Amino acid sequence: MDTAALIDRMVDSYNRHDTEALAPCYAPDTRVHPAGRPEAVDAGTWLAAFGLVLQSFPDLQLHPRNLAADDRVAFLEARLTGTNTGPFTLGETDRLVLGTQAETLPATGRAMDITGAVVLEVADGQVTAERHYWPLVDTLVQLGFVG
């Protein structure tokens, strides 16, 4: 599978909230570095964390804008939209900005619409590394946690 087709498959799986379809897109030793987290995690941990994101934003959608890809790397610029109707799970950066040690905050019912980027390294038709760049403070502002 070429890199663009792999990214299309991943975006479709994310938008259907289908982690079972998403899991085979990752090589067994993949490291994912989510935005706002101090360290990369393995793909299984990332997919479990995605489940928490879906609890916060059950209508979450990824809207690709630009994709640049070759046989070893892809750069995806995308919008991420959703409505916060479930508990909002805080990352380390969120806790630092908000000055709290809380793990979650109550749902606000507000919409999020952010644009960011994901860089993926690819080998043999699977992701081997993934780095997320999302404007976390913008998300906190849009949700009404900071003003």
Side-chain angles (χ1 to χ4, degrees), residues 1-84 86-105 110-143 145-146:
M1 170 181 323
D2 76 1
T3 304
L6 173 64
I7 302 307
D8 286 344
R9 178 178 171 190
M10 293 177 76
V11 167
D12 179 63
S13 297
Y14 274 116
N15 286 339
R16 289 185 294 110
H17 305 165
D18 186 349
T19 56
E20 287 185 28
L22 192 56
C25 296
Y26 293 99
D29 60 347
T30 297
R31 302 299 291 169
V32 178
H33 197 169
R37 307 289 178 180
E39 299 176 358
V41 297
D42 61 79
T45 300
W46 165 241
L47 293 173
F50 181 61
L52 293 175
V53 172
L54 292 176
Q55 288 177 14
S56 298
F57 300 93
D59 62 345
L60 187 76
Q61 291 292 292
L62 183 65
H63 310 273
R65 285 192 164 170
N66 293 297
L67 174 66
D70 62 23
D71 62 344
R72 60 176 194 79
V73 67
F75 174 85
L76 175 65
E77 177 190 31
R79 282 180 55 225
L80 195 59
T81 62
T83 307
N84 177 224
F88 184 75
T89 302
L90 298 173
E92 285 190 34
T93 301
D94 300 324
R95 286 192 288 278
L96 181 65
V97 169
L98 296 174
T100 183
Q101 292 302 311
E103 294 293 319
T104 62
L105 294 175
R110 290 182 164 193
M112 166 192 69
D113 187 338
I114 59 173
T115 299
V118 180
V119 178
L120 304 103
E121 296 175 29
V122 178
D124 301 320
Q126 290 182 302
V127 173
T128 58
E130 182 174 308
R131 292 176 299 283
H132 297 224
Y133 302 94
W134 299 103
L136 300 176
V137 174
D138 288 357
T139 302
L140 296 173
V141 170
Q142 289 180 21
L143 296 179
F145 294 125
V146 295

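Because the structure is a prediction, the values reported are computed rather than measured.
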Could you walk me through whether T30 and D42 pass the side chain to side chain contact (heavy atoms under 4.5 Å, CB included) check?
CA-CA 6 Å; T30 297; D42 61 79; over 6 Å; no
Please walk me through it: do W134 and V118 pass side chain to side chain contact (heavy atoms under 4.5 Å, CB included)?
CA-CA 8 Å; W134 299 103; V118 180; 3.9 Å; yes
Mind running side chain to side chain contact (heavy atoms under 4.5 Å, CB included) on V122 and D71 for me, showing each step along the way?
CA-CA 7 Å; V122 178; D71 62 344; over 6 Å; no
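In this structure, OG in S56 is found 8.5 Å from CG in L90, a value given to the nearest 0.5 Å. To the nearest 0.5 Å, the span separating OH on Y26 from CG on L120 amounts to 7.0 Å. Summarising the geometry, atom CD belonging to E20 is positioned 10.5 Å from atom CG belonging to L47; distances are rounded to the nearest 0.5 Å. Distance CG/L98 to CG/L140: 5.0 Å, rounded to 0.5 Å. To the nearest 0.5 angstrom, T100 atom OG1 is 10.5 Å from D94 atom CG. Here T19 contributes atom OG1 and Y14 contributes atom OH; the two are 10.0 Å apart, rounded to the nearest 0.5 Å.
Counting only residues at least two apart or in different chains, side chain to side chain donor-acceptor pair (under 3.5 Å) contacts with residues 1-12 comprise D12-R16. Sorted by first and then second residue, the side chain to side chain donor-acceptor pair (under 3.5 Å) pairs involving residues 75-84 (not counting sequence neighbours) are D59-T83, H63-T81, N66-E77, R79-D113, N84-T108.
Salt bridge present: E121 and R131 bring a charged side-chain N and a carboxylate O closer than 4.0 Å.
Between W46 and H33, the distance separating the two ring centers is not shorter than 6.0 angstrom.
Without hydrogens or angle criteria, H17 side chain to Q61 main chain gives no donor-acceptor distance under 3.5 Å. Under a 3.5 Å cut-off, the side chain of N15 and the backbone N or O of L62 do form a donor-acceptor pair. The closest donor-acceptor contact from the side chain of T93 to the backbone of G36 lies under 3.5 Å.
Judged as a side chain to side chain donor-acceptor pair (under 3.5 Å), and not counting sequence neighbours, D70 has no contacts.
Within 6.0 Å of CZ on R95 lie more than 12 heavy atoms contributed by other residues, nucleotides or ligands.
A tilted orientation is assigned to the rings of F88 and F145, their planes being inclined by 30° to 60°.
Two residues are said to be in side-chain contact when any heavy atoms from C-beta on lie closer than 4.5 Å; F75 and L67 fail this criterion.
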